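As the structure is a computational prediction, the values presented were derived from the model and not from experiment. The chain is numbered in sequence order, starting from 1.
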Amino acid sequence: CRMILLHIIGGLTSLISGAIALSAPKGGQLHRKVGIIFVYTMLVMSTSGAIMAALMPERISVIAGMLSFYLVVTALLTVRRPMQRFRWIEVGAMVFALLTGVLSIAFSIQSWDDPNGIAPIGFIFGAVALLAASGDARVLLRRSIPWAQRIARHLWRMCFALWIAAASFFLGQSDEFPEALRIMPLLCTPVLLVMLLMFYWLGRVLFTQWRPSYEQ
């Protein structure tokens, strides 16, 4: 019961803080402070969720927890300078992402005939984990990355972790909502909005001269 309560509190706080961080001026004091709250609450939510899912067992939820934990940790380290100080953590994170990706894809193959349609989700998680692991490998080999790529790396990892949290809450727990709110387009809106905002900010960071407030 305590872990369930911890998971719920962490999940709700991460959704609220993530929404604020995503909408706040990037690089500003509010963005940084709320972003740290998002990281810590996501770590609480993902860890407690993965443990509870492993005991049930619900393998796709274990993968979701592992991937969320990895994404927020590496996203935070990306904006900590110099990155070389965390080199051993980056190596460990890359191995963790590879393991998560392989397990996710293997689980999806085993669940191909599952009527609940879990297999596609597992393939998505696996592809994202392997893509992130390849990004870790490039950072380790290059030792440094340009500003825009570093911010993009931070951005997409934080946003995808928020997307997992939003999808788990609004879609994965849709049966817990009052019947009047169980309208699929309504529940899908915040999940899609996270993705749209992620691509918007990735475009600004990678293809314009935009800089956050602390760099202007």
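- Proximity of a side-chain donor or acceptor of K26 to a complementary backbone N or O of A24 within less than 3.5 Å is detected.
- Looking only at distances, no side-chain donor or acceptor of T78 sits under 3.5 Å from a matching main-chain atom of H154.
- Counting non-hydrogen atoms of other residues, nucleotides and ligands closer than 6.0 Å to CZ of F123 gives a total above 12.
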Note to self: Applying side-chain contact (heavy atoms from CB on, under 4.5 Å) to L130 and I105, what does each step give before you reach the verdict?
What the structure shows: CA-CA 10 Å; L130 295 178; I105 292 175; 3.6 Å; yes
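- At distances below 3.5 Å, not a single donor-acceptor pair connects side-chain atoms of S104 with backbone N or O atoms of T100.
- For the side-chain contact (heavy atoms from CB on, under 4.5 Å) test, residues two or more places apart in sequence or in another chain that qualify with L202 are A152, L155, W156, M198, F199.
- Residues A93 and T74 share a closest heavy-atom pair of CB-CG2, 3.6 Å.
- The side-chain hydrogen bond (donor to acceptor under 3.5 Å, both in side chains) analysis of residues 7-24, with sequence neighbours excluded, yields the pairs H7-S48.
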Report task. Could you give me the CA-CA distance, side-chain angles and deciding distance for R150 and V139, then say whether side-chain contact (heavy atoms from CB on, under 4.5 Å) is met? Result -> CA-CA 9 Å; R150 183 163 61 88; V139 169; over 6 Å; no
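- Hydrophobic cluster membership for I20: I16, L30, V34 (Ile, Leu, Val, Met, Phe, Trp, Tyr linked by side-chain heavy atoms under 4.5 Å, directly or transitively).
- By the 4.5 Å side-chain criterion applied to Ile, Leu, Val, Met, Phe, Trp and Tyr, I9 is assigned to a cluster that also includes L5.
- Cluster membership for W88 and V95, using ILVMFWY side-chain heavy atoms within less than 4.5 angstrom, is not shared.
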_I'd like to know whether R204 forms a side-chain contact (heavy atoms from CB on, under 4.5 Å) with R211, so could you lay out the CA-CA distance, the side-chain angles of the two residues, the decisive distance to 0.1 Å, and finally the verdict._
CA-CA 9 Å; R204 288 197 67 180; R211 289 293 184 272; over 6 Å; no
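- For L15, the side-chain contact (heavy atoms from CB on, under 4.5 Å) partners two or more places apart in sequence, or in a different chain, are L162, A165, A166, F169.
- Partners of V73 by side-chain contact (heavy atoms from CB on, under 4.5 Å), not counting sequence neighbours, listed by chain and number: L43, F69, L77.
- Using a 4.5 Å cut-off on side-chain heavy atoms (C-beta onward), V72 and F38 make contact.
- M195 and L192 fall into different hydrophobic clusters, where Ile, Leu, Val, Met, Phe, Trp and Tyr side chains are chained together by heavy-atom contacts under 4.5 Å.
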Notebook entry, point to check: What's the verdict on side-chain contact (heavy atoms from CB on, under 4.5 Å) for I4 and M52, showing C-alpha distance, side-chain angles and the deciding distance?
Noted result: CA-CA 8 Å; I4 294 175; M52 290 189 297; 3.6 Å; yes
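- Other members of a hydrophobic cluster containing I37 are absent, since no ILVMFWY side chain comes under 4.5 Å of it, directly or through relayed contacts.
- Contacts of W201 classified as ring pair (Phe, Tyr, Trp, His ring centres under 6.0 Å), with partners at least two apart in sequence or in another chain: W210.
- Both V79 and I36 are part of a single hydrophobic cluster, where members link through side-chain heavy atoms under 4.5 Å apart.
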Determine all donor-acceptor pairs shorter than 3.5 Å in which one atom belongs to a side chain in residues 177-188; sequence neighbours excluded.
from	atom 1	to	atom 2	distance (Å)
R182	NE	F177	O	2.8
R182	NH2	D175	O	3.0
R182	NH2	F177	O	3.1

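- Nearest heavy-atom pair across H31 and P25 is CB-O, 3.2 Å.
- Of all the heavy atoms in V62 and A54, the pair that sits closest is CG2-N, 3.5 Å.
- For the pair F107 and L103, the minimum side-chain heavy-atom distance is 4.5 Å or more.
- Scored by the side-chain contact (heavy atoms from CB on, under 4.5 Å) test, I121 finds I60, F125 as partners (sequence neighbours excluded).
- Here OG of S168 is found 6.5 Å from CE of M45. Values are rounded to the nearest 0.5 Å.
- For the salt bridge (Lys or Arg N to Asp or Glu O under 4.0 Å) condition, the pairs that include at least one residue of residues 127-138, sequence neighbours left out, are D136-R153, D136-R157.
- Although no hydrogens or angles enter the test, the distance criterion places no donor-acceptor pair under 3.5 Å between the side chain of S111 and the main chain of S108.
- Side-chain heavy atoms closer than 4.5 Å link hydrophobic residues (I, L, V, M, F, W, Y) into clusters, and following such links, even through other members, never connects V102 to I109.
- In terms of modelled atom types and a separation under 3.5 Å, the side chain of S68 and the main chain of A64 share a donor-acceptor contact.
- Between the CD1 atom in I118 and the CZ atom in R59 there is a gap of 8.5 Å [rounded to 0.5 Å].
- With sequence neighbours excluded, the residues forming a side-chain hydrogen bond (donor to acceptor under 3.5 Å, both in side chains) with S61 are E58, listed by chain and number.
- Both F170 and I124 sit in one connected hydrophobic cluster of ILVMFWY residues. Membership requires side-chain heavy atoms under 4.5 Å apart, directly or through other members.
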